[in-house]
Amino acid sequence: MKYFSTNNKEIRYSFKEAVIKGLAPDNGLFFPVSIPKLEDEFFQRLTELSLPKIGYEVAKHFVGDDISDSDLKKITEEVLNFPIPVVSIEDGVNTLELFHGPTCAFKDVGARFMSRCLSAFAKQNQKEVTILVATSGDTGSAVANGFLGVEGVKVIILYPAGKVSKIQEQQLTTMGQNITALEVDGTFDDCQALVKTAFGDDDLNAELNLTSANSINIARLLPQSFYYFYAWAQLQPTNKKVVFSVPSGNYGNLTGGLLAKQMGLPIDSFIASANINKVVPDYLSSGKYEPKASVQTISNAMDVGAPSNFARMMELYQENHAEICKDIKGAWFSDKETQEAIADVYNRKKYILDPHGSVGYLGLKKYLNTDSEVGVFLETAHPAKFKDTVEKVLNTEIRVPDYLQECLGKEKRSILIGKNFSEFKSFLLLK
Ligand SMILES: *Cc1c(COP(=O)(O)O)cnc(C)c1O
């Protein structure tokens with residue numbers, strides 16, 4: 001499979017080049033030149049296949065010869081080693097629990113897959129890779145954890161001192177091994193600027209094999225299609241149409257679902273569920289795409305005003321608004337509605353939604369016709385990750401999974417640095 005940039009379809013890149021570069025040189029997003037249609041035989045066997053096997057069968061079309069079959073099998077087995085169950089909530093309404101990975105968020109799937117692809121390429125090139133990640137706190141832990149203990153890869157996380165929550169900081173600073181946390185005396189923007197400057201610095205590039213691990217990497221997107229196949233299989237047999245509601249911010253998760261549909265998975269439609277950061281629902285209703293500054297909400301991983309994967313959605317539908325609207329409906333909900341749904345589902349069903357899943361649930365309920373359809377909303381984080389918000393709504397304490405609990409007791413290890421580039425550069429060169 002070859003890839004092009006969403007800004008220029010003439011130049012071709014291999015999977016390996018696309019993964020190592022992350023972003024195309026023209027700042028476009030990498031996109032496969034064609035979406036493979038999977039074989040009938042694959043769909044006939046789908047209900048019998050394990051999650052890693054599904055991952056392998058899907059991934060091999062996109063990876064091609066860049067990673068050997070046996071390595072790719074190993075990668076999917078390692079990455080997808082936690083359950084992703086469909087759980088029934090109420091009549092016709094199910095949730096796909098994507099939060100059983102090491103950091104309790106769906107981003108584990110993409111981050112772990114990308115990390116192992118990069119590791120495979122580092123081995124091929126026999127040169128250690130240094131990953132620089134700037135984080136505002138939330139996604140850094142999934143990325144760093146994805147690389148934990150991965151051979152041939154060193155990770156440097158930059159986070160703004162005093163600007164991440166206690167639990168986030170513990171997650172970032174207690175991993176050890178090949179992960180180093182730099183606590184930057186500045187803002188998230190300062191962290192990002194340091195990383196950007198490093199990528200453009202000749203001395204550093206001569207000395208180190210620098211790579212980014214940002215959310216737009218194609219190796220984070222592709223694995224987010226695997227679990228739609230697995231969810232669909234878990235719903236069988238059904239004579240109803242299958243609908244997915246996806247709580248969305250940068251729309252990588254939803255784009256994974258759109259890819260699965262184009263590969264032939266019989267998904268009838270999607271619901272793009274958002275909080276007040278609703279540029280995509282607005283685009284679906286008006287045909288106009290108007291990025292905005294983001295607004296803070298209780299489903300804060302979806303506080304995105306200019307979703308990075310919108311370009312890929314446009315690519316999938318050749319910018320045809322009518323075609324997009326056939327497959328995707330938009331919905332958005334306020335914090336108050338999100339809180340009410342958390343309370344309602346808990347009171348009626350004793351199921352605890354996190355704020356993001358709650359938005360997904362609301363989107364599904366808005367459109368689902370249970371006579372002819374069966375629905376799945378994606379639960380993208382464990383409710384304990386948003387403990388304060390959820391406990392305030394439910395008036396009860398919720399259980400924190402062992403992984404999150406564990407890191408609270410560990411010793412924090414970080415290196416404090418200033419926000420000027422020279423200090424950061426000397427640190428990298430001394431490493
Ligand atoms: C990142 C994230 C989202 C949004 O996913 P996108 O792929 O950016 O749309 C939703 N929920 C949680 C918990 C997240 O971390």
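Ligands are counted one by one from 1 in listed order, and the atoms in each one are counted from 1 as well.
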Summary of ring-ring contact (aromatic ring centres under 6.0 Å, His included) pairs that have at least one residue in residues 258-280, sequence neighbours excluded: none
Close approach of Pro247 to ligand 1, heavy atoms, under 4.0 angstrom: yes
Examine [X] against ligand 1 and note whether any of their N/O atoms are separated by less than 3.5 Å.
X	answer
Asn253	yes
Ala301	no
Gln224	no
Phe386	no

Would you mind listing which atoms of ligand 1 come within a distance below 4.0 Å of any non-hydrogen atom of [X]?
X	result
Phe106	1 (C), 2 (C), 3 (C), 5 (O), 7 (O), 14 (C)
Ala381	13 (C)
Gly252	6 (P), 7 (O), 9 (O)
Ser248	9 (O)
Lys107	1 (C), 2 (C), 3 (C), 14 (C), 15 (O)

Test side-chain contact (heavy atoms from CB on, under 4.5 Å) applied to Leu254 and Ser248, Ser273, Pro307, the passing residue: Ser248
Geometric class of the His321/Tyr283 ring pair [parallel <30°, tilted 30-60°, perpendicular >60°]: perpendicular
Worked check of salt bridge (charged side-chain N to carboxylate O under 4.0 Å, His left out) between Asp282 and Lys278: CA-CA 6 Å; Asp282 283 350; Lys278 57 187 177 63; 3.2 Å; yes
Charged tip of Lys365 within 45° of Tyr367 ring normal and under 6.0 Å: no
